[in-house]
Amino acid sequence: MSWEFSRKEVVAGDTATFDFSGDVGLALYGISRFDINFATSASGGNLGGSAISGFGVKLTRENAGEDSRRQVKVKAEVSGTPLSSATVWITVIAWVGGESSMRYVVSGEELATGQMSRSEAVVAWPEFSAAVLSGFKLDFASGSHNVGGVGASAGISAALTAPGSAYVTGAGTLTGKGASNCTVNPSGLVLGEAQENAWFGLVADESTYTVNDTNWGTTKLRVETGATVPLRHAAVLLQSFYGRFSATNMSPSPLSSVTMGAGEPVAVSSESGVFEFESTRWLADCTTIVRTGQEIWTEAQTYSAVYLWAALG
């Protein structure tokens with residue numbers, strides 16, 4: 001029995017099939033990264049970045065049929081109007097080889113901000129617990145509006161009224177006139193004991209830019225897991241993300257594209273217990289002056305992301 005990880009890139013609306021070497025006793029699936037682009041249309045003298053109705057990503061586990069014991073199938077859906085293109089990178093962390101009484105997944109379906117899922121029995125004093133985003137939806141109450149900032153986060157907590165139980169919760173953030181109806185689909189991983197040849201943790205990426213910066217977009221993060229051997233494989237999933245246009249901007253910006261999340265993790269072969277990955281943060285408006293064709297980009301200036309990572313030695 002052992003841990004296995006798998007990551008796949010999925011176009012919105014498609015289903016990814018993850019194959020494992022044995023029967024899957026536990027599977028935590030979540031968003032590692034998403035890339036959403038919005039359609040634009042001419043309005044008056046300008047071709048503006050999209051005035052959107054909202055957007056979201058939802059992962060749903062599907063029946064794998066006859067191979068269900070060794071496969072995990074996850075469908076990626078992206079909502080929002082008007083969409084141009086959307087891609088989601090899904091990661092599955094699986095315990096392979098049968099059930100285990102010391103490893104648990106706690107899930108919640110489309111929770112409103114601050115709402116708690118039903119509590120599930122786990123262990124009273126876990127060795128490690130953290131949550132990931134398996135979906136989020138950020139909506140405006142009606143019509144389509146400009147955006148000041150977007151974000152979503154997932155969390156897991158012990159149920160005080162039911163010792164040995166835990167629940168997941170989440171929060172969605174959408175700033176702009178008429179913003180409301182934000183929901184989150186969180187999933188939590190609970191480990192009752194330290195895992196042999198496997199390590200788990202959280203890592204944060206926080207960035208603030210000025211209008212003169214030219215390094216928007218991607219940062220390479222280095223994760224030191226504490227393992228004393230070179231790593232064989234690593235996985236990274238989004239626990240939370242947030243992006244905001246300039247706080248001094250008097251009005252929110254129309255949104256053209258948003259990308260948040262982690263690239264493929266790569267183990268550093270020359271160092272024990274170390275892997276690296278690229279964290280991408282992008283939130284932008286692109287306005288085109290119709291009569292000249294000149295594009296004017298406005299990038300968000302404050303970003304943060306927190307990732308759940310897992311590594312195998």
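We use all heavy atoms of the structure for the numbers below, so side chains are in, but hydrogens, waters and symmetry mates are not.
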Chemist: Is there side-chain contact between Ile93 and Val132, with at least one heavy-atom pair below 4.5 Å?
Modeler: no
Chemist: Could you give the distance from CZ (Arg69) to CD (Gln71), rounded to the nearest 0.5 Å?
Modeler: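 Result: 11.5 Å between the selected atoms.
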Chemist: According to a hydrophobic-cluster definition based on side-chain heavy atoms being under 4.5 Å apart (Ile, Leu, Val, Met, Phe, Trp, Tyr only), do Leu202 and Phe275 belong together?
Modeler: no
Chemist: Does Phe277 have its ring centroid less than 6.0 Å away from the ring centroid of Tyr307?
Modeler: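 Aromatic pair counts; centres sit under 6.0 Å.
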Chemist: Run the side-chain hydrogen bond (donor to acceptor under 3.5 Å, both in side chains) test on Thr280 and Thr259 for me, step by step, so that the C-alpha distance in whole Å, both residues' side-chain angles and the decisive distance to 0.1 Å come before the verdict.
Modeler: CA-CA 7 Å; Thr280 299; Thr259 298; over 6 Å; no
Chemist: Measure the spacing between OG of Ser187 and CG of Leu28 and express it to the nearest 0.5 Å.
Modeler: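 Between atom OG of Ser187 and atom CG of Leu28 there are 6.0 Å.
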Chemist: Can Asp35 and Trp282 be said to form a side chain to side chain contact (heavy atoms under 4.5 Å, CB included), step by step?
Modeler: CA-CA 9 Å; Asp35 183 1; Trp282 179 255; over 6 Å; no
Chemist: Can you tell me how far CD1 of Ile156 sits from CG of Leu189, rounded to the nearest 0.5 angstrom?
Modeler: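 Answer for the CG-CD1 pair, Leu189 versus Ile156, is 7.5 Å.
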Chemist: What do the steps show when you test Leu133 against Val184 for side chain to side chain contact (heavy atoms under 4.5 Å, CB included), and what is the final call?
Modeler: CA-CA 7 Å; Leu133 290 168; Val184 175; 3.5 Å; yes
Chemist: Counting C-beta onward and ignoring hydrogens, is there a side-chain heavy-atom pair between Val203 and Val236 closer than 4.5 Å?
Modeler: no
Chemist: So do the side chains of Thr169 and Gln115 get within less than 4.5 Å of each other, counting heavy atoms only?
Modeler: no
Chemist: Is there side-chain contact between Trp95 and Trp3, with heavy atoms separated by less than 4.5 Å?
Modeler: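 Side chain of Trp95 against side chain of Trp3, heavy atoms only: contact under 4.5 Å found.
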Chemist: Say you draw a straight line from OG of Ser272 to CD of Glu224; how long is it, rounded to the nearest 0.5 Å?
Modeler: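 The CD atom of Glu224 is 11.0 Å from OG of Ser272, to the nearest 0.5 Å.
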Chemist: Sub-3.5 Å donor-acceptor pair from the side chain of Thr173 to the main-chain atoms of Val150, do we have one?
Modeler: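 Not confirmed, Thr173 side chain does not pair with Val150 backbone.
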Chemist: Looking only at heavy atoms, what is the nearest atom pair of Trp199 and Thr225, with distance?
Modeler: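 Scanning both residues, the minimum pair turns out to be CD1-O, 4.0 Å.
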Chemist: Is the backbone of Leu191 close enough, under 3.5 Å, to the side chain of Arg103 for a donor and an acceptor to pair up by distance?
Modeler: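 Looks like no, no N/O pair under 3.5 Å.
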Chemist: Side chains of Asn185 and Glu109, heavy atoms from C-beta outward: is any pair under 4.5 Å?
Modeler: yes
Chemist: Check the pair Phe55, Val78 against side chain to side chain contact (heavy atoms under 4.5 Å, CB included), reporting the backbone distance first and the verdict last.
Modeler: CA-CA 7 Å; Phe55 68 95; Val78 178; 5.7 Å; no
Chemist: For Ser21 versus Val96, what's the shortest heavy-atom pair and its separation?
Modeler: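 The pair with the smallest heavy-atom distance is OG-CG1, 3.9 Å.
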Chemist: On a heavy-atom basis, which atom in Thr91 and which in Ser32 lie closest, and how many Å separate them?
Modeler: OG1-OG, 2.6 Å
Chemist: Do Val92 and Leu238 share a hydrophobic cluster, counting only Ile, Leu, Val, Met, Phe, Trp and Tyr and linking them when any side-chain heavy atoms are less than 4.5 Å apart?
Modeler: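 Shared cluster, yes.
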Chemist: Mind listing the closest non-hydrogen atom pair of Val72 and Ala27 along with its distance?
Modeler: CG2-CB, 4.0 Å
Chemist: Going by an N to O cut-off under 4.0 Å, is there a salt bridge joining Lys137 and Glu110?
Modeler: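 So Lys137 does not pair with Glu110 through a salt bridge.
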Chemist: Taking Met102's backbone N and O only, do any of them form a donor-acceptor pair with Glu193's side chain (distance below 3.5 Å, no angle check)?
Modeler: no
Chemist: Quick one, Phe241 with Asp205, criterion side chain to side chain contact (heavy atoms under 4.5 Å, CB included). Give me CA distance, side-chain angles, the key distance, then yes/no.
Modeler: CA-CA 9 Å; Phe241 69 88; Asp205 176 18; over 6 Å; no
Chemist: Which atoms form the tightest heavy-atom contact between Phe38 and Leu83, and what is the distance?
Modeler: CE2-CD2, 3.8 Å
Chemist: Is it the case that the side chain of Thr60 and the backbone of Lys75 share a donor-acceptor pair, with hydrogens and angles ignored and the cut-off at 3.5 Å?
Modeler: no
Chemist: Is a side-chain donor or acceptor of Arg281 paired with a backbone partner of Ser279 at a separation under 3.5 angstrom?
Modeler: yes
Chemist: Find out if a path of hydrophobic residues (ILVMFWY) with successive side-chain heavy-atom gaps under 4.5 Å connects Val11 to Val258.
Modeler: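 No; Val258 is not reachable from Val11 via cluster members.
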Chemist: Just checking, any donor-acceptor pair under 3.5 angstrom between side chains of Asn37 and Ser85?
Modeler: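 There is such a pair (donor and acceptor under 3.5 Å, judged by atom type) between the side chains of Asn37 and Ser85.
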Chemist: State the CD-OG distance between Glu62 and Ser68, to the nearest 0.5 angstrom.
Modeler: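 Output value for this atom pair is 13.5 Å.
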Chemist: Where do Pro126 and Val190 come nearest, in terms of heavy atoms and distance?
Modeler: CB-CG1, 3.7 Å
Chemist: Do Tyr29 and Val106 sit in the same hydrophobic cluster, where Ile, Leu, Val, Met, Phe, Trp and Tyr count as joined when their side-chain heavy atoms come under 4.5 Å apart?
Modeler: no
Chemist: Would the distance check show the side chain of Tyr303 and the main-chain N or O of Leu283 forming a donor-acceptor pair, the cut-off being under 3.5 Å?
Modeler: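 Present.
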Chemist: For residues Val223 and Phe5: do they belong to one hydrophobic cluster (side chain heavy atoms under 4.5 Å, members Ile, Leu, Val, Met, Phe, Trp, Tyr)?
Modeler: no
Chemist: Rounded to the nearest 0.5 Å, what's the gap from CZ on Arg61 to OG1 on Thr15? Could you check?
Modeler: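 Reported value, rounded in 0.5 Å steps: 13.0 Å.
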